[in-house]
Amino acid sequence: MSASWYIKNGRIIDPANDIDRIADLLVIDGRIVGTDQPAPADVPEIDAHGLWVVPGLIDMHVHLREPGEEYKEDIVSGARAAAAGGFTGVACMPNTRPVNDCAAVTAMIVARAAEAAVRVYPVGAISLGCEGKRLAEFGEMRHAGIVAVSDDGRPVRDSQLMRRALEYASDFGLPVISHSEEAALSTGVMHEGPVSTRLGLKGIPAAAEAIMVYREIALAELTGARVHIAHVSTAMAIELIRAAKGRGVRVSAETAPHYFTLTDEAVLGYDTNTKMNPPLRSASDREAIRQALADGTLDAIATDHAPHSILEKEVEFDWAANGIIGLETALPLTLALVRDRVIAERRLVELLATAPASILGLASGTLSPGAAADITVIDPQRQFVYAADQVVSKSRNSPFLDQSLQGRAVLTMVDGTIRHSLLV
């Protein structure tokens, strides 16, 4: 398949280069040449009239389940789902079986990623086995290919260990991604509030997140290191992050589409596809998340794509596994923020492409001349039903199944090679 293309008549949105205009984009041999360049006669054309041409989207927080739980998802299937959602790169969390806490596991993931449709960036564990007792060997994993460290899925309870992790990661230029949760308060199954009381389900208070976010900010301020807060879900955490940024603390943060789209009211039917960690929060928390995306307090949107089979989900709510898939719904759900005038189109690209690349130190998130041709073409008007039989992921655990959504990636290109296309 050709790695050279002339993408014409599209609205090019590239925040890294301050571009937002109708233009043509030339790709030669998998690299971007630039805008409004004359096209060689033998280069195939793609008509992007009415479409947005943006840097390839990057999801900095996914669970691909390989090694160990490939029946839920594997690197190749997860990459296909990513391409279908418009993502050209994904960062996979280390809580696999075995945990990605050593160079050997990292190397295996990198080798499998060579077969994947999109770029796969491994995230190494902070601690051995994600047990929070001893630091993993960051340097060896960095050499093998990790782009960050995290014990995602389990908070690092020991504050001294977290301090050492921040200092150690700084030596290798690695961001530390924090699963910010005070475990002693997180013994419930949904957000603590009036809805949990009505349903008779044990709740998780917003303070469980805020307490640990405060600790991470304090440690980042103490060490001068940078910390990234994963899947922010509460107004309390937002206020802490906003104040810390105002003081110059090196903190960045992400949220997920379900936190700015749904509230704990979605749990009223006991649908286990509404069970996740952190849980869906209140309407006021959702509004705070939306405002923080608009004002820059939150830097990125990530899916926390967490595939589970019916074995883990079709059980009583208390016993169901946490998490939902999100790679194929993130873009339309974020486009809804644009239609609601919460964010502008440029801000969407920043949240889904430019900022994730910057936080992880990736040479992507841009359409600069000479950059790899990782490109997403978006039709903001295309409507579709997210039907179970159309899901690309191996798993189907989504609260958005059978819903009508608007806006979709119609072409995903990695190194100039088309990995997904809905264009006729």
Side-chain angles (χ1 to χ4, degrees), residues 57 59-63 73 81-82 85-87 90 93 152-153 179-181 186 188-193 195-196 201 203-204 206 208-209 229-235 237-238 253-293 298 300-308 312-313 317 320-340 342-343 348 351-352 356 386 391 393 395-407:
L57 309 185
D59 190 341
M60 62 181 297
H61 192 140
V62 304
H63 300 268
E73 193 81 281
F87 293 95
V90 296
M93 290 293 146
D152 187 65
H179 177 103
S180 299
E181 174 187 16
S186 298
V189 296
M190 68 169 294
H191 176 64
E192 182 178 301
V195 178
S196 65
L201 296 173
I204 301 172
E209 178 174 273
I229 309 299
H231 43 55
V232 175
S233 68
T234 65
I238 290 295
E254 73 192 41
T255 192
H258 36 279
Y259 298 122
F260 59 73
T261 304
L262 302 175
T263 71
D264 56 348
E265 295 274 346
V267 186
L268 284 170
Y270 294 98
D271 180 3
T272 58
N273 287 332
T274 62
K275 185 182 180 186
M276 57 206 69
N277 187 28
L280 296 173
R281 301 291 188 178
S282 69
S284 59
D285 288 311
R286 179 179 64 179
E287 183 54 37
I289 295 292
R290 291 160 70 94
Q291 179 59 41
L293 289 169
L298 288 171
I301 292 172
T303 66
D304 198 5
H305 177 79
H308 292 295
E312 293 84 22
K313 282 294 190 179
F317 198 92
N322 286 309
I324 65 172
I325 58 173
L327 285 165
E328 299 165 67
T329 54
L331 180 57
L333 294 176
T334 306
L335 282 164
L337 295 179
V338 177
R339 293 194 299 275
D340 292 344
V342 175
I343 61 173
L348 176 144
L351 290 163
L352 286 171
Y386 187 55
V391 175
S393 170
S395 296
R396 303 289 184 271
N397 53 309
S398 170
F400 303 107
L401 285 179
D402 299 321
Q403 290 193 19
S404 179
L405 302 174
Q406 181 177 331

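Computed from a predicted structure; not experimentally measured. Hydrogens, waters and symmetry mates play no part in the numbers below; they use all other heavy atoms, side chains included. In what follows, residues are counted from 1 in the order of the sequence shown.
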[atom1]/[X] to [atom2]/[Y] distance, rounded to the nearest 0.5 angstrom?
| X | Y | atom1 | atom2 | value |
| --- | --- | --- | --- | --- |
| H61 | T303 | NE2 | OG1 | 7.5 Å |
| F400 | I324 | CZ | CD1 | 5.5 Å |
| L333 | Y386 | CG | OH | 9.5 Å |
| L352 | F87 | CG | CZ | 5.5 Å |
| L280 | H258 | CG | NE2 | 6.5 Å |
| L337 | L351 | CG | CG | 8.5 Å |

Task: Evaluation steps, side chain to side chain contact (heavy atoms under 4.5 Å, CB included), between V342 and L293 - done: CA-CA 8 Å; V342 175; L293 289 169; 5.5 Å; no
Contact between [X] and [Y] at the side-chain level, heavy atoms closer than 4.5 Å - yes or no?
| X | Y | result |
| --- | --- | --- |
| T274 | F317 | yes |
| S398 | N273 | no |
| P356 | D59 | no |
| V195 | T263 | no |
| P279 | D264 | no |

Task: With sequence neighbours excluded, residues passing side chain to side chain contact (heavy atoms under 4.5 Å, CB included) with A292 - done: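 Side chain to side chain contact (heavy atoms under 4.5 Å, CB included) check on A292 returns I238, R242, D295, T297, L298.
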Open item on the list: Set out, in order, the CA-CA distance, both residues' side-chain angles and the distance that settles side-chain hydrogen bond (donor to acceptor under 3.5 Å, both in side chains) for D152 and H63, then state yes or no.
Closed with: CA-CA 10 Å; D152 187 65; H63 300 268; 3.1 Å; yes
Side-chain ([X]) to main-chain ([Y]) donor-acceptor, under 3.5 angstrom:
| X | Y | result |
| --- | --- | --- |
| N397 | P307 | no |
| R286 | R281 | no |
| E209 | S233 | yes |
| E254 | M60 | no |
| H179 | G153 | yes |
| T272 | K313 | yes |
| H308 | N322 | yes |
| H305 | G326 | yes |
| K275 | V189 | no |

Task: Contact list for residues 324-340, test salt bridge (charged side-chain N to carboxylate O under 4.0 Å, His left out), sequence neighbours left out - done: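 For residues 324-340, and leaving out neighbouring residues, the salt bridge (charged side-chain N to carboxylate O under 4.0 Å, His left out) pairs sorted by first residue read R290-D340.
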TODO: Would you please name every residue forming a salt bridge (charged side-chain N to carboxylate O under 4.0 Å, His left out) with D402, sequence neighbours left out?
DONE: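 Testing D402 for salt bridge (charged side-chain N to carboxylate O under 4.0 Å, His left out), a comparison that skips the adjacent residues, returns none.
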- [ ] Verify whether one side chain among S284 and S282 offers a donor that lies under 3.5 Å from an acceptor in the other.
- [x]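 Side-chain D/A pair, S284 to S282: present.
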